[in-house]
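Take a look at the structure set out below.
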Amino acid sequence: MTVDYKRSREDVVTWPTDPRARRALEEWFIKLDASPAVHPTLAAGELDFSGADLSGLDIGDADWVSATLSGVKLRSCYLGYAWILDANLTETDFTGSVLRKALLRGCNARGAILVGTQLHRADLSGSDFRDADLHDTDLSQAFMPGIDLRGANLADSFWGDTRYNACIHEARLGHANVSGMRGVVDESVDVGLDEPHVIDGEELQQWFRDHGAPEVTVVTRPERPSTSTTD
């Protein structure tokens, strides 16, 4: 199904309260108007977009490095390839948005809402998604080593197949709701809440079964061949 994402200032539901953030958004629309066939980058690094509702917009390739998006509504947006590194995403609402190949490394995304989002091949490594809602989210081939998903809702999420599986090495899943989760994951996972409890292989496979996710398959990543030239 083709989605008609919006690309005009009239489609902004609520503008950010910070003047600098509003100005960056205005300048982005000016560039869009000048060259409709070109998609300029929203230069919003380190800016505060609090109070904004940008739902429905096409903001792919946006630069939100170290930006504040806490509580911002970004529902049904196109955010593919966006740079959202080290950003404040607490309680940000991404419901139904496309974040394909987006970079969300090192973010504080506690309580973020990502219901029905597409995170195919996104990089969420080292981010804090505690208590976030990722119900029915596509995480196929997502790169998530070290992600903190304690208490997160992962019900009915999809984690890829044997060719395009998610990488969750050293992810933290303590008290996460994985009911109905399906797909393929690899490497070891920390299922402890306060104290580390790292499991892998068949033990991890059984953990998913015991927590309502029998359709999850745990695979072991093959060892890399030695690069030593010594006989």
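In this chain, residues are counted from 1 in sequence order.
- One side chain, Asp156 or His135, offers a donor N or O that lies under 3.5 Å from an acceptor on the other.
- Residues Val65 and Phe143 are members of separate hydrophobic clusters, defined by side-chain heavy-atom contacts under 4.5 angstrom among Ile, Leu, Val, Met, Phe, Trp and Tyr.
- For the salt bridge (charged side-chain N to carboxylate O under 4.0 Å, His left out) test, no residue two or more places apart in sequence or in another chain qualifies with Arg7.
- Residues Gly201 and Val218 come closest through the heavy atom pair O-CG1, 3.9 Å.
- Residues forming a salt bridge (charged side-chain N to carboxylate O under 4.0 Å, His left out) with Glu195 (at least two apart in sequence, or on another chain): none.
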- Audit row: Thr137, Ser157, side-chain hydrogen bond (donor to acceptor under 3.5 Å, both in side chains) steps and yes/no: CA-CA 5 Å; Thr137 294; Ser157 54; over 6 Å; no

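- A salt bridge between Arg150 and Asp148 is present, with a side-chain N of the basic residue lying under 4.0 Å from a carboxylate O of the acidic one.
- Between Val185 and Phe208, some side-chain heavy-atom pair lies under the 4.5 Å cut-off.
- A continuous path of ILVMFWY side-chain contacts below 4.5 Å connects Val72 to Leu47, so both sit in one hydrophobic cluster.
- Note: Arg22 CZ to Arg9 CZ = 10.0 Å, rounded to the nearest 0.5 Å.
- Side-chain contact between Phe49 and Leu54 is present, with heavy atoms from C-beta onward closer than 4.5 Å.
- How far CG of Leu85 is from SG of Cys107: 6.5 Å, rounded to the nearest 0.5 Å.
- Linking ILVMFWY side-chain heavy atoms closer than 4.5 Å, directly or via other members, places Leu124 and Val216 in a single hydrophobic cluster.
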- Task: Check step by step if side chain to side chain contact (heavy atoms under 4.5 Å, CB included) holds for Asn88 and Leu69.
- Result: CA-CA 6 Å; Asn88 182 350; Leu69 298 168; over 6 Å; no

Distance-only criterion, 3.5 Å: show the donor-acceptor pairs between side-chain atoms of residues 95-104 and protein atoms not counting sequence neighbours.
{"from": "Thr95", "atom 1": "OG1", "to": "Asp93", "atom 2": "OD1", "distance (Å)": "2.5"}
{"from": "Ser97", "atom 1": "OG", "to": "Leu74", "atom 2": "O", "distance (Å)": "2.5"}
{"from": "Ser97", "atom 1": "OG", "to": "Ser76", "atom 2": "N", "distance (Å)": "3.1"}
{"from": "Ser97", "atom 1": "OG", "to": "Cys77", "atom 2": "N", "distance (Å)": "2.8"}
{"from": "Ser97", "atom 1": "OG", "to": "Phe94", "atom 2": "O", "distance (Å)": "3.3"}
{"from": "Arg100", "atom 1": "NH1", "to": "Tyr81", "atom 2": "OH", "distance (Å)": "3.3"}

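- When every heavy atom of Ala24 is checked against every heavy atom of Ala43, the shortest pair comes out as CB-O, 3.7 Å.
- Between Leu134 and Leu149 the shortest side-chain heavy-atom distance falls below 4.5 Å.
- Proximity of Met144 to Ser125: side-chain heavy atoms (C-beta onward) are nowhere separated by under 4.5 Å.
- Taking all atoms of both residues into account, the shortest heavy-atom contact from Ser140 to Gly160 is CB-CA, 3.5 Å.
- Between Leu57 and Tyr5 there is no side-chain heavy-atom pair separated by less than 4.5 Å.
- Around the CZ atom of Arg20, the shell of radius 6.0 Å holds no more than 12 heavy atoms that belong to other residues, nucleotides or ligands.
- In this view, Asp48 satisfies the salt bridge (charged side-chain N to carboxylate O under 4.0 Å, His left out) rule with no residue, not counting sequence neighbours.
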- Working for side chain to side chain contact (heavy atoms under 4.5 Å, CB included), residues Thr162 and Thr217: CA-CA 9 Å; Thr162 52; Thr217 301; 5.8 Å; no

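- Using a cutoff of 4.0 Å between basic side-chain nitrogens and carboxylate oxygens, Lys31 and Asp33 are not scored as salt-bridged.
- Rounded to the nearest 0.5 angstrom, Leu114 CG and Asp138 CG are separated by 12.0 Å.
- In this structure, the separation between CG on Asp186 and NE2 on His169 is 9.5 Å, given to the nearest 0.5 Å.
- Within the 3.5 Å criterion, the main-chain N or O of Asn165 finds no donor-acceptor partner in the side chain of Gln141.
- For residues 57-67, the side-chain hydrogen bond (donor to acceptor under 3.5 Å, both in side chains) pairs, not counting sequence neighbours, are His39-Asp58.
- No more than 12 heavy atoms of other residues, nucleotides or ligands lie within 6.0 Å of CD in Glu46, so this atom counts as exposed by the packing criterion.
- Between Phe158 and Leu139 the shortest side-chain heavy-atom distance does not fall below 4.5 Å.
- Smallest separation of non-hydrogen atoms from Ala67 and Ala44: CB-O, 3.7 Å.
- Taking OG of Ser127 as the reference point, atom CZ of Arg110 lies at 13.5 Å (rounded to 0.5 Å).
- Trp159 and Leu204 fall within a single hydrophobic cluster, where Ile, Leu, Val, Met, Phe, Trp and Tyr side chains are chained together by heavy-atom contacts under 4.5 Å.
- Sequence neighbours left out, the pairs with a member in residues 171-181 that pass side-chain hydrogen bond (donor to acceptor under 3.5 Å, both in side chains) are Asn153-Asn177.
- The CZ atom of Arg105 sits 13.0 Å away from atom CD1 of Ile147, with the distance rounded to the nearest 0.5 Å.
- If you chain together hydrophobic residues whose side chains sit under 4.5 Å apart, Val184 and Trp207 never meet in one group.
- Using a 4.0 Å cut-off between a side-chain N of Lys or Arg and a carboxylate O of Asp or Glu, Asp128 and Arg130 qualify as a salt bridge.
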- Could you go step by step and tell me if Thr68 and Ser50 meet the side chain to side chain contact (heavy atoms under 4.5 Å, CB included) rule? CA-CA 7 Å; Thr68 297; Ser50 298; 3.8 Å; yes

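- Residue Trp83 qualifies as open at atom CH2: its count of foreign heavy atoms under 6.0 Å is 12 or below.
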- List the steps and the verdict of salt bridge (charged side-chain N to carboxylate O under 4.0 Å, His left out) for Glu91 and Lys73. CA-CA 9 Å; Glu91 300 184 355; Lys73 290 183 172 60; over 6 Å; no

